[in-house]
Amino acid sequence: MRYSFLILFLILFLILITFTLSAEVTIPIVKSDSAYKNILRVSGYGQVDYYYSDQSSPNNAFELRRAIGIVKGDLPYGFSYKLTYAFAATARMLDLYLQWALWPEFSVRLGETKVPLTLENQIFPSTLETIFYPTVCQSLVALGSADVIGSNGGRDIGILSYGELIPINGRRLLEYSLGVFNGSGINIKDRDNHKEISGSLYFMPLKEWKIGGSFYAGKATYTLAGDTVAGTYTRNRWSIGSSYKSEKITVRGEYICGKDNHTLRQGAYLFGAIRFFNQKWEMLGEIDYYNKIKGKPNNYLWEYTIGSNFYLNKLNKLQINYIRSNDSSEKHNRFVAQIQVGF
C-alpha cells in the first residue's frame with residue numbers, strides 16, 4: 001500500500017502521455033516577438049476580518065488577515081513567470097517561479113509554487129468560498145501551522161510538470177501533475193538530503209466534474225512531539241476526492257490521509273454552495289472532520305460551517321461564516337465576517 005498509488009500513477013502517466021503525444025501533438029513553431037502586451041501584469045488583494053469566539057481571549061477583534069501583491073507576465077517562446085508576496089502577518093514570498101508552456105499536454109514549472117496535493121490546495125485564498133481552509137487541509141497539506149513542517153501555504157520549492165490529456169469534444173478527459181520538491185517548505189533550502197515526490201491524476205467525465213486523487217511521498221526534517229531536536233522522518237500524504245462546479249452550484253469533497261513518522265492521521269471535508277442573482281450571492285455549508293492520531297481515542301475534531309458571500313466582482317466581496325467546533329474535550333463557536341478588496 002505504501003508505494004502502490006505512486007507506482008500506479010507513474011505507469012498510467014507514462015502510458016497516457018506517450019499515447020497522447022504520439023497521436024495528437026506536433027512540435028509548435030514559436031516566433032520570437034518583442035511585442036508582448038502581457039509582459040508585466042500587477043494585481044493584488046487584501047482581507048480584513050472581524051471575529052467573535054466564545055473560546056479565545058480576547059473574544060473579539062478586527063484583524064488584517066492578508067495583503068497580497070502579485071506580479072506576473074508572459075515572456076518569449078512560451079515562457080511566463082509569477083511572483084506573489086505576502087505583506088501582512090508574516091511577510092514572505094509565496095510564489096516565485098518560471099513556467100514553460102509547451103503544449104496543453106505538457107508544461108513545466110520551476111521554483112516556489114503550490115504542491116499538487118488535494119483539490120483544496122489548488123484554490124487560492126482570494127477565490128476560496130469559505131474564510132478558512134478545512135482543518136484537515138491545514139494539518140496535512142501545510143495550509144496551517146498544525147502540519148509538522150509548519151504553515152507554507154501548501155507550497156514548496158522544486159520542479160513541477162502538468163497537463164491535460166485525451167482531447168474529446170473540445171475538452172480533455174484527464175488532468176495530471178507530477179513534481180519533485182525539497183519537502184522543507186518555502187523560502188528555505190532543503191534541510192536534509194531527501195527529495196519528495198508529489199502528483200495528482202483526475203478524470204473529467206464532464207466539463208464541470210473531476211474525480212481522482214493525489215499523493216505526496218518522502219521525508220522531512222521536523223521535531224516530534226516531546227522531542228527538542230529535529231530529525232528526518234517520513235511525511236507521506238494521499239487523497240481521493242471529487243469536485244463539481246457549474247454556474248449555479250459547487251460541490252467538493254476529499255478524504256485525506258497522512259503518515260508522520262509512525263503516526264497515522266486522517267480526515268475529510270464536504271463542501272457545497274449555491275449561487276443566486278447572476279452569481280452575486282452565494283450560500284454555503286461545509287462539514288470538516290480531522291483525527292490527528294488515528295486509532296487513539298479523544299483526538300478528533302468536527303467543524304460545521306454555514307455562511308454567505310456577497311460579490312461586487314470576482315475579487316471584491318463580503319464573506320460571513322458561522323463555525324461550530326466539536327472536539328474531543330469541548331465545543332465552541334466562532335462568527336467571522338471578512339471583506340476582500342482586490343485589483
Side-chain angles (χ1 to χ4, degrees), residues 1-16 113-123 133-144 146-156 158-163 165 174-185 192 194-204 209-222 232-243 252-271 287-296 299-301:
M1 181 67 182
R2 183 178 300 176
Y3 298 111
S4 59
F5 189 82
L6 172 60
I7 294 171
L8 177 60
F9 174 84
L10 289 175
I11 292 173
L12 288 173
F13 167 76
L14 291 173
I15 292 174
L16 289 168
T113 186
K114 286 270 192 179
V115 173
L117 178 62
T118 75
L119 291 165
E120 194 80 357
N121 189 40
Q122 311 316 307
I123 304 173
Y133 287 99
T135 300
V136 61
C137 295
Q138 295 185 45
S139 304
L140 296 181
V141 195
L143 286 168
D147 196 297
V148 292
I149 64 169
S151 177
N152 292 283
R155 295 168 168 88
D156 209 327
I159 185 169
L160 174 70
S161 63
Y162 63 94
L165 308 173
L174 287 175
E175 175 185 280
Y176 77 90
S177 298
L178 185 64
V180 179
F181 300 91
N182 281 342
S184 297
D192 51 59
H194 299 276
K195 291 294 178 286
E196 283 61 62
I197 300 174
S198 182
S200 64
L201 182 64
Y202 292 100
F203 173 54
M204 296 176 285
W209 179 31
K210 65 172 63 176
I211 182 171
S214 64
F215 74 93
Y216 181 100
K219 293 185 177 182
T221 299
Y222 53 90
T232 301
Y233 309 103
T234 298
R235 183 178 178 267
N236 290 340
R237 307 284 190 263
W238 65 270
S239 72
I240 55 173
S242 182
S243 173
R252 184 171 63 250
E254 293 182 277
Y255 169 77
I256 308 168
C257 186
K259 183 179 181 182
D260 297 321
N261 194 27
H262 301 300
T263 302
L264 296 178
R265 314 181 195 276
Q266 65 177 358
Y269 72 88
L270 179 63
F271 168 83
I287 301 174
D288 174 21
Y289 167 74
Y290 179 55
N291 187 340
K292 66 179 179 180
I293 304 178
K294 185 179 179 181
K296 185 177 180 180
N299 276 278
Y300 65 85
L301 171 69

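Applying the salt bridge (charged side-chain N to carboxylate O under 4.0 Å, His left out) criterion to R265, with sequence neighbours excluded, gives D260. For S139, the side chain to side chain contact (heavy atoms under 4.5 Å, CB included) test picks out T135, A146, Y290, with sequence neighbours left out. Under the side chain to side chain contact (heavy atoms under 4.5 Å, CB included) criterion, Y300 pairs with Y289, W302, S328, sequence neighbours left out. The side chain to side chain contact (heavy atoms under 4.5 Å, CB included) test applied to T221 returns R191, D192, A230, T232, not counting sequence neighbours. By the side chain to side chain contact (heavy atoms under 4.5 Å, CB included) test, A220 pairs with I149, Y222, R235, sequence neighbours left out. For Y162, the ring pair (Phe, Tyr, Trp, His ring centres under 6.0 Å) criterion is met by no residue, not counting sequence neighbours.
Scanning all heavy atoms of the two residues, the minimum distance from I123 to Y133 falls at O-OH, 2.6 Å. What you find for S242 and W209 is that their closest heavy atoms are OG-NE1, 2.7 Å. The two residues E196 and K219 make their nearest non-hydrogen contact at OE2-O, 2.5 Å. Between Y269 and C137, the closest heavy-atom pair is CE2-SG, 4.1 Å. Closest of all the heavy-atom pairs between I256 and V136 is CB-CG2, 4.0 Å. Residue A142 comes nearest to D147 through the heavy atom pair N-OD2, 3.0 Å, listed as atom of the first residue, atom of the second, then distance.
Judged purely by distance below 3.5 Å, without hydrogens or angles, the side chains of T118 and S214 never pair a donor atom with an acceptor atom.
At a threshold of 4.5 Å between non-hydrogen side-chain atoms, the residues Y233 and V148 do not count as touching. K195 has its side chain within reach of N182: a pair of non-hydrogen atoms, C-beta onward, lies under 4.5 Å apart.
F215 CZ to I240 CD1: the interatomic distance, rounded to the nearest 0.5 Å, is 15.5 Å. Between atom CG of residue N236 and atom CD1 of residue I197 there is a gap of 10.5 Å, rounded to the nearest 0.5 Å. If you take CG on L140 and CG on N121, they are separated by 11.5 Å, rounding to the nearest 0.5 Å. Note that OG of S184 and CG of D156 are 7.0 Å apart. Values are rounded to the nearest 0.5 Å. Expressed to the nearest 0.5 Å, how far CZ of F271 lies from CZ of R252 amounts to 5.5 Å. We find the CG-CD distance between L117 and Q122 to be 8.0 Å, quoted to the nearest 0.5 Å.
Ring pair W238/Y255: centre-to-centre distance below 6.0 Å.
Using a distance-only test at 3.5 Å, with no hydrogens or angles considered, no donor-acceptor pair links the side chain of S243 to the main chain of K210. Although no hydrogens or angles enter the test, the distance criterion places a donor-acceptor pair under 3.5 Å between the side chain of N291 and the main chain of I293. Without hydrogens or angle criteria, E254 side chain to S239 main chain gives no donor-acceptor distance under 3.5 Å.
Under a cut-off of 6.0 angstrom, the local environment of NZ in K114 is crowded, with over 12 non-hydrogen atoms contributed by other residues, nucleotides or ligands.
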